[in-house]
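The structure appears right after this line, and notes come after that.
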There are 2 protein chains.
Amino acid sequence: MELLEREGDIEKATNALKAMAHPLRLKILCALKGDELPVLEIVEQVGSSQSNISQHIEILRTKNIIESRREGNRILCKVKDAKILKLVANMQAVFCSGN
Amino acid sequence: MELLEREGDIEKATNALKAMAHPLRLKILCALKGDELPVLEIVEQVGSSQSNISQHIEILRTKNIIESRREGNRILCKVKDAKILKLVANMQAVFCSGN
DNA sequence: TCATAATATAGTTATTTCCTTATATAAGTT
DNA sequence: AACTTATATAAGGAAATAACTATATTATGA
């Protein structure tokens, strides 16, 4: 539990950070905090166009952060990487509590 | 302590995330975790050119994440925003402990 | 005052990111 | 089969990032 100085750890960490470092993607991850949601539901909760959200979801998929499965008409998304859930929770603790 | 859904919180959070979402900047922040360090010391610990590190330090300064003071010849830098220290600590916990 | 050490800034270029519009695919319904 | 709903993809351009080289600034020491 010591250093964040192995190159591999730095890379994993910055990958996760880059994934979260965009307002729409952060909102997507917040929306998926607990639930598994269809894309259109994410579009409505988060705002912005269907195409734009779909592309951000694709980015998160590529980075192995969310996964999705088809259910009939729709695609259900959920957070795959538990580390990300911890980070999102931490972001909330840091940026939403006191001030 | 509930939602990360106020637009202002989202913006603050993504600013912090963007600041950390680069390997050199993350390393800089790790190096400054506890200490106040002169720029050249950061250059040596982190690697890359003096100019490059100086520019990344400037980015962190602009984003109000680190601050610096002159001491004779040198400029000493330290992390200004306590929230960032928490986030860095959390990154370590998440990416360096078990696996 | 000249040389050196520490840091910052300018100018340039390559790459990446982000968004938009338009279109494609896949499943469900009539 | 035609229509609709849900989602993905392609193509384009604008803007942001990142790195490099070279040069400027500031302080110290001879």
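The chains referred to below are lettered A, B, ... by the order of the sequence lines, with proteins before strands, and numbering in each begins at 1.
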Which whole-number value in Å describes the distance from B:Leu24 CG to D:dA19 C1'? 10 Å

For atom CD of A:Glu71 and atom P of D:dA6, their distance in whole Å: 14 Å

Could you check whether B:Lys12 pairs with B:Glu7 (Lys NZ or Arg NE/NH1/NH2 to Asp/Glu carboxylate O, under 4.0 Å)? no

Looking at C:dT20, D:dT7, D:dA22, which one has an atom nearest to any side-chain atom of A:Pro38? D:dT7

Does A:Lys83 offer a backbone N or O that forms a donor-acceptor pair with the side chain of A:Asp81 under 3.5 Å? yes

Between D:dT7 and A:Arg70, is there an OP1 or OP2 to side-chain N/O distance shorter than 4.0 Å? no

Looking only at side-chain atoms of B:Ser54, point me to the closest of C:dT21, D:dT7, C:dT9. C:dT9

hbond_proxy A:Gln50 side chain to D:dA6 base (donor-acceptor, 3.5 Å cutoff): no

How long is the line joining CZ of A:Arg69 and C1' of D:dT7, in whole Å? 16 Å

Strictly by modelled atom types, are B:Ser54 and B:Glu58 linked by a side-chain donor-acceptor pair under 3.5 Å? no

On a plain distance test, is the side chain of A:Ser51 in donor-acceptor contact with the base of D:dT9 below 3.5 Å? yes

Any donor-acceptor pair under 3.5 Å linking the side-chain atoms of B:Asn64 with those of B:Lys80? yes

Could you tell me whether a side-chain N or O of A:Arg70 sits under 3.5 Å from a main-chain N or O of A:Gly72, the two making a donor and an acceptor? yes

Between C1' on D:dT5 and CD on A:Glu41, what's the gap in Å once rounded to a whole number? 15 Å

Quick one: do B:Glu71 and B:Arg69 make a salt bridge, cutoff under 4.0 Å? yes

A:Ile42 CD1 to D:dT7 P, in whole Å, measures 8 Å

Of the listed D:dA19, D:dA27, D:dC20, the closest approach to the B:Asn73 side chain comes from D:dA27

Identify the residue among B:Leu32, B:Val79, B:Ile66 that makes a side chain to side chain contact (heavy atoms under 4.5 Å, CB included) with B:Ile84. B:Val79

How is A:Ser48 classified with respect to the nucleic acid when contacts are heavy atoms under 4.0 Å: base, sugar-phosphate, or nothing? nothing

Between B:Ile57 (CD1) and D:dA18 (C1'), how many Å, whole number? 16 Å

Check the interface with nucleotides 11-18 of chain C: list each N/O to N/O pair with the protein under 3.5 Å, or write none.
{"from": "C:dC18", "atom 1": "OP2", "to": "A:Arg25", "atom 2": "NH1", "distance (Å)": "3.0"}
{"from": "C:dC18", "atom 1": "OP2", "to": "A:Arg25", "atom 2": "NH2", "distance (Å)": "3.4"}

Starting at atom CD of A:Glu44, determine the distance to atom P of D:dT5, rounded to an integer number of angstrom. 13 Å

Separation of A:Leu40 atom CG from D:dT5 atom C1', in whole Å? 9 Å

